[in-house]
Participant: 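Just passing along the structure, written as C-alpha cells.
Both backbone and side-chain heavy atoms feed into the values below; hydrogens, waters and symmetry mates do not.
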Amino acid sequence: MNKKQNLKATFLLFLLGFLGILSTIPMYSKLLSLQSTGLQLSEELVLILTVVQSSILLILMIWLGSTFSRKVGLSAPIIFALARSENISKHLKPQLFPAILGGVIGGILMLLFSNAMLDQLPPEFLTNGEKLLPPWYTKLLYGGITEEILIRWGLMSFFVWCSFRITQQGNGEVGSINYVVAIILSALLFGILHLSVAFALSSEITVALVTYIVLGNSMFGLIAGYLYWKRGLESAIVAHMTAHLTMIMLTNLIA
C-alpha cells in the first residue's frame, strides 16, 4: 500500500479501537465509585484522563502492529482492502467461519472455566465484580475490537518479530515456533494485565483468584492469536465478539 492507504488503514484501526474505549466509560464510573483514588480530581477529569491514556496506548499499539506485522507476514486483510477501496467480500469469506467456530468454542470454554472456579473466589471479588460487570456493548466493542488491536495487532506482531530476531539467522523465514511463542506470550500478558482490576475489586488476594484472572483471560488469547496468524486480525476480532455473545446467551439460558 502507498502512504495515503497506510494512513487510511491506521485511521480505520484507531476509529474502531476508540469506539471501544468510549464504550468503557460507564465501567470506569462504576470503578471510581468502588474505590477512593486519593486524588483531588473530579470524576469527569479522571474519566477524561483515562480516555486520553487509553487512546495513547491504542496509538502506540497500532504503530507497533503497523510496523512489525508486515515484517512477519501478519495482516488485517479487510482493513487493508477498505484502505485500498477494494471489495471486501473476497477477504471476508475465508475469515468468517473459522472466526465464528473459534468464538463459540472459546466462549464455551471460558464459561465452563468460570463456573468451575466461582466457589474458590473471594466473596468480595464476586460482589464487586457484579457491580462492575461490563455492559454487552463494552464486551463487544472494547473486548472484541480494541483488545484485539492492542494485544494481537500490537503486542503479538511485535513478539513474533522479537522471537524471529532471536532465533533466526540471516534472511531466514519466520518459523511456526515464532508465532506460537508470540501467541502464548501475548495471551499470558493479557491475562496478567487484568490483575490490577482484580486487586482493585478484592482486598483478599488468593492463588485461586490470580489463577482465575490470568488463565481465564489468557485461554481465549490462544484461539484469537491462532486466527490472527492464519486468517488475519479481523478473524480474531469476530471470534472475540462471538465468544462474548456465546457467553451472554448461554448465561441467560442457564439463569
Side-chain angles (χ1 to χ4, degrees), residues 1-20 57-103 106 140-168 171-187 189-190 220-243:
M1 295 193 300
N2 58 39
K3 185 176 181 179
K4 182 178 180 180
Q5 292 168 341
N6 281 325
L7 287 174
K8 186 175 180 181
T10 299
F11 174 75
L12 288 172
L13 286 168
F14 177 78
L15 180 61
L16 289 171
F18 188 67
L19 287 175
L57 178 62
L58 176 63
I59 292 171
L60 174 60
M61 291 298 107
I62 290 175
W63 174 81
L64 274 181
S66 299
T67 301
F68 294 104
S69 62
R70 69 189 69 186
K71 297 179 184 292
V72 295
L74 295 172
S75 182
I78 295 176
I79 294 293
F80 291 170
L82 288 172
R84 295 190 297 264
S85 300
E86 295 177 358
N87 190 316
I88 66 171
S89 59
K90 68 177 182 179
H91 301 286
L92 180 61
K93 290 178 181 178
Q95 299 196 52
L96 200 55
F97 178 73
I100 293 174
L101 178 62
L140 296 184
L141 293 177
Y142 189 85
I145 300 176
T146 309
E147 286 181 348
E148 288 305 314
I149 294 173
L150 295 173
I151 305 302
R152 246 58 66 181
W153 182 248
L155 285 181
M156 181 177 152
S157 298
F158 178 63
F159 287 160
V160 173
W161 180 82
C162 289
S163 175
F164 169 68
R165 294 297 295 174
I166 291 171
T167 62
Q168 302 294 324
N171 295 320
E173 295 183 357
V174 180
S176 296
I177 186 64
N178 303 124
Y179 294 105
V180 172
V181 167
I183 289 171
I184 294 173
L185 283 178
S186 56
L189 182 58
F190 178 66
F220 182 75
L222 302 179
I223 296 174
Y226 179 81
L227 289 170
Y228 175 39
W229 170 22
K230 294 296 185 179
R231 300 290 177 169
L233 176 65
E234 296 86 358
S235 188
I237 288 174
V238 173
H240 203 147
M241 297 175 79
T242 302

Participant: Which distance, rounded to the nearest 0.5 Å, do you find between the CG of Leu140 and the OG1 of Thr242?
Facilitator: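 Answer for the CG-OG1 pair, Leu140 versus Thr242, is 9.0 Å.
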Participant: Could you tell me if the side chain of Ser69 sits less than 4.5 Å from the side chain of Tyr228, heavy atoms only?
Facilitator: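 They are in contact (side-chain heavy atoms under 4.5 Å apart), so the answer is yes.
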Participant: Could you grab the distance from atom CD1 of Ile79 to atom NZ of Lys8, nearest 0.5 Å is fine?
Facilitator: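 So the CD1 of Ile79 and the NZ of Lys8 are separated by 10.5 Å.
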Participant: Mind running side-chain contact (heavy atoms from CB on, under 4.5 Å) on Leu189 and Phe159 for me, showing each step along the way?
Facilitator: CA-CA 11 Å; Leu189 182 58; Phe159 287 160; 4.1 Å; yes
Participant: May I ask you to decide if Gln5's main-chain N or O and Arg84's side chain share a donor-acceptor pair within less than 3.5 Å?
Facilitator: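 Not a single qualifying donor-acceptor pair exists.
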Participant: Can you name the closest pair of heavy atoms from Ala239 and Leu227 and give their distance?
Facilitator: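 Result for this residue pair: CB-CD1, 3.4 Å.
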Participant: Rounded to the nearest 0.5 Å, what separation is found between the CD1 atom of Ile59 and the CD1 atom of Ile149?
Facilitator: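 Reported to 0.5 Å precision, the distance equals 12.0 Å.
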Participant: Quick check: closest heavy atoms across Met241 and Ile145, and the distance to 0.1 Å?
Facilitator: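 Of all heavy-atom pairs spanning Met241 and Ile145, the closest is SD-CG1, 4.2 Å.
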Participant: Check whether any side-chain heavy atom of Ile183 sits under 4.5 Å from a side-chain heavy atom of Met156, and report yes or no.
Facilitator: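 A side-chain contact exists here, since the closest heavy-atom pair is under 4.5 Å.
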Participant: Quick one: closest heavy-atom pair of Ala182 and Ser186, and the distance?
Facilitator: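 In terms of heavy atoms, the two residues are closest at O-OG, 2.7 Å.
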Participant: Any side-chain heavy atom of Ile78 within less than 4.5 Å of one from Gln95?
Facilitator: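 Side chain of Ile78 against side chain of Gln95, heavy atoms only: contact under 4.5 Å found.
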Participant: Could you go step by step and tell me if Leu150 and Leu155 meet the side-chain contact (heavy atoms from CB on, under 4.5 Å) rule?
Facilitator: CA-CA 7 Å; Leu150 295 173; Leu155 285 181; over 6 Å; no
Participant: CZ/Arg70 to CZ/Phe80 distance, rounded to the nearest 0.5 angstrom?
Facilitator: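 That separation rounds to 6.5 Å.
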Participant: Assess the residue pair Thr167 and Asn178 against the criterion (side-chain hydrogen bond (donor to acceptor under 3.5 Å, both in side chains)); give the C-alpha distance rounded to whole Å, side-chain angles, the decisive distance to 0.1 Å, and a yes or no.
Facilitator: CA-CA 8 Å; Thr167 62; Asn178 303 124; 2.9 Å; yes
Participant: Please, which pairs that meet salt bridge (Lys or Arg N to Asp or Glu O under 4.0 Å) have at least one residue in residues 150-163, sequence neighbours excluded?
Facilitator: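 Pairs touching residues 150-163 that pass the test: Glu148-Arg152.
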Participant: For Ala81 and Ile88, work out which heavy atoms get closest and say how close.
Facilitator: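 It is CB-CG2, 4.1 Å.
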Participant: side-chain contact (heavy atoms from CB on, under 4.5 Å) between Ser176 and Trp229: does it pass, once the steps are laid out?
Facilitator: CA-CA 10 Å; Ser176 296; Trp229 170 22; 3.9 Å; yes
Participant: Taking the side chain as C-beta and beyond, is there a heavy-atom pair between Trp153 and Ser66 under 4.5 Å?
Facilitator: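 Trp153 vs Ser66: side chains touch.
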Participant: Write down the atom of Gly232, the atom of Pro77, and the distance for their closest heavy-atom approach.
Facilitator: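 For Gly232 versus Pro77, the nearest heavy atoms are CA-CD, 3.9 Å.
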Participant: Would you find more than 12 non-hydrogen atoms of other residues, nucleotides or ligands less than 6.0 Å from Phe14 atom CZ?
Facilitator: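 More than 12 heavy atoms, drawn from other residues, nucleotides or ligands, come within 6.0 Å of this atom.
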Participant: Taking Val72's backbone N and O only, do any of them form a donor-acceptor pair with Tyr179's side chain (distance below 3.5 Å, no angle check)?
Facilitator: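 Indeed, once roles are kept as given, a pair shorter than 3.5 Å links the two residues.
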Participant: Could you report the tightest heavy-atom contact between Ala99 and Ser235, atom names first, then the distance?
Facilitator: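 Smallest heavy-atom distance, with atoms named: CB-O, 3.3 Å.
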Participant: Atom CG in Leu64, atom CH2 in Trp161: separation rounded to 0.5 Å?
Facilitator: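 Nearest 0.5 Å value for the CG-CH2 distance: 10.5 Å.
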Participant: So His91 and Glu86, do their side chains get closer than 4.5 Å, heavy atoms only?
Facilitator: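 A side-chain contact exists here, since the closest heavy-atom pair is under 4.5 Å.
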Participant: Which distance, rounded to the nearest 0.5 Å, do you find between the OG1 of Thr146 and the CG of Leu13?
Facilitator: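 Between atom OG1 of Thr146 and atom CG of Leu13 there are 11.0 Å.
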